[in-house]
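What you see is a predicted model, and the numbers here were worked out from it, not measured in a lab. Every chain is numbered from 1 and lettered A, B, ... according to where its sequence line falls, protein lines coming before strand lines.
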Number of protein chains: 2
Amino acid sequence: MGITKTQIFTEKQNDLAQFFKVLGHPARVAILQYISSQNACICNDLVDEIGLAQATISQHLKELKSIGLLTGEVEGKSMCYCINVERWSEIQSQLNQFFNTTKSKCC
Amino acid sequence: MGITKTQIFTEKQNDLAQFFKVLGHPARVAILQYISSQNACICNDLVDEIGLAQATISQHLKELKSIGLLTGEVEGKSMCYCINVERWSEIQSQLNQFFNTTKSKCC
DNA sequence: ATTTAATATCGTAATATTGCAATATTAAAA
DNA sequence: TTTTAATATTGCAATATTACGATATTAAAT
């Protein structure tokens with residue numbers, strides 16, 4: 001199929017999975033790491049830095065924006081992409097909650 | 001394409017993305033939560049509990065095993081699936097390291 | 001006003017993922 | 001040894017994702 005049966009899961013489960021899914025691509029991991037390594041907000045240095053076409057980078061940025069991890073502001077004719085620190089912590093804490101509450105008692 | 005250009009990323013980035021990716025499906029989140037909610041190791045109650053076909057559940061279990069999150073032991077004619085607690089903590093700590101080292105200084 | 005540079009969007013091809021029915025496989029039970 | 005129950009695997013259809021070239025779009029620079 002390719003389609004996911006989201007109806008049979010809770011909203012929390014779907015949200016959590018969505019966070020994981022967005023982070024589940026090396027380009028998006030690399031984009032976040034690169035942005036965080038710069039003192040200033042970096043835009044399409046990403047195209048040079050990471051070896052993917054501009055259209056592809058733009059697509060990945062869009063997905064990162066979709067869960068609120070990145071914000072993009074127009075800066076002249078460029079874009080200034082930044083990590084949304086609040087959202088970042090929020091998601092980190094949700095993932096940790098998942099890890100901490102999901103513990104096996106068996107075996 | 002559908003194919004991911006793993007060659008252009010570091011092994012760490014690929015590994016990290018792979019962990020995220022495996023957790024990036026609500027069925028797999030639900031499976032982990034259900035296993036952890038039981039005192040004993042549960043096998044194909046999962047098929048009843050989660051509303052997916054047996055073949056589909058089996059496939060998801062396989063992916064969770066692929067990153068070492070689950071171990072499966074034969075128990076008579078059933079399987080006993082358990083969370084690998086060591087691996088669990090290891091992955092949690094890697095994800096946290098990613099979150100903690102990736103911080104924005106801009107905006 | 002034109003050009004230029006940066007980014008987004010569209011269309012498309014290739015591949016991956018999800019899900020299931022049907023069919024193995026395996027081990028206990030009869 | 002045949003049956004039964006639990007799980008894995010295979011094959012397939014439908015949809016999603018990844019990647020890119022081509023084409024908008026937008027704002028500064030000329």
Without hydrogens or angle criteria, can the side chains of B:D45 and B:Q38 be said to hold a donor-acceptor pair below 3.5 Å? no
Mapping B:I3 and A:I3 onto DNA chain D by nearest heavy atom, which one lands closer to the 5' end? A:I3
Considering residues, nucleotides and ligands other than A:Q94, do more than 12 of their heavy atoms fall under 6.0 Å from its CD? yes
Minimum-distance nucleotide to A:Y81 side chain [options: C:dA8, D:dA16, D:dT7]: C:dA8
Give the ring-plane orientation class for B:W88 versus A:F98, where under 30° counts as parallel, over 60° as perpendicular and anything between as tilted. tilted
Is there a side-chain polar atom (N or O) of A:K21 under 4.0 Å from OP1 or OP2 of D:dT17? yes
When the ring planes of B:F20 and B:F99 are compared, do they come out parallel, tilted or perpendicular, using 30° and 60° as the limits? perpendicular
Residues of residues 47-70 of chain A with any non-hydrogen atom less than 4.0 angstrom from an atom of DNA chain D: list those, numerically ordered, please. A:L52, A:A53, A:A55, A:T56, A:Q59, A:H60, A:E63
Whole angstrom is fine here: how far is it from NZ in B:K77 over to P in D:dA5? 7 Å
Strictly below 4.0 Å: does A:H25 bring a side-chain N or O up to OP1 or OP2 of D:dA19? yes
Before you tell me yes or no, could you show the steps for A:L23 and B:F19 under side chain to side chain contact (heavy atoms under 4.5 Å, CB included), namely the whole-Å CA-CA distance, both residues' side-chain angles and the distance that decides it to 0.1 Å? CA-CA 9 Å; A:L23 293 169; B:F19 298 152; over 6 Å; no
Quick one: do A:I31 and A:Y81 satisfy side chain to side chain contact (heavy atoms under 4.5 Å, CB included)? Show the steps, please. CA-CA 10 Å; A:I31 285 171; A:Y81 275 107; over 6 Å; no
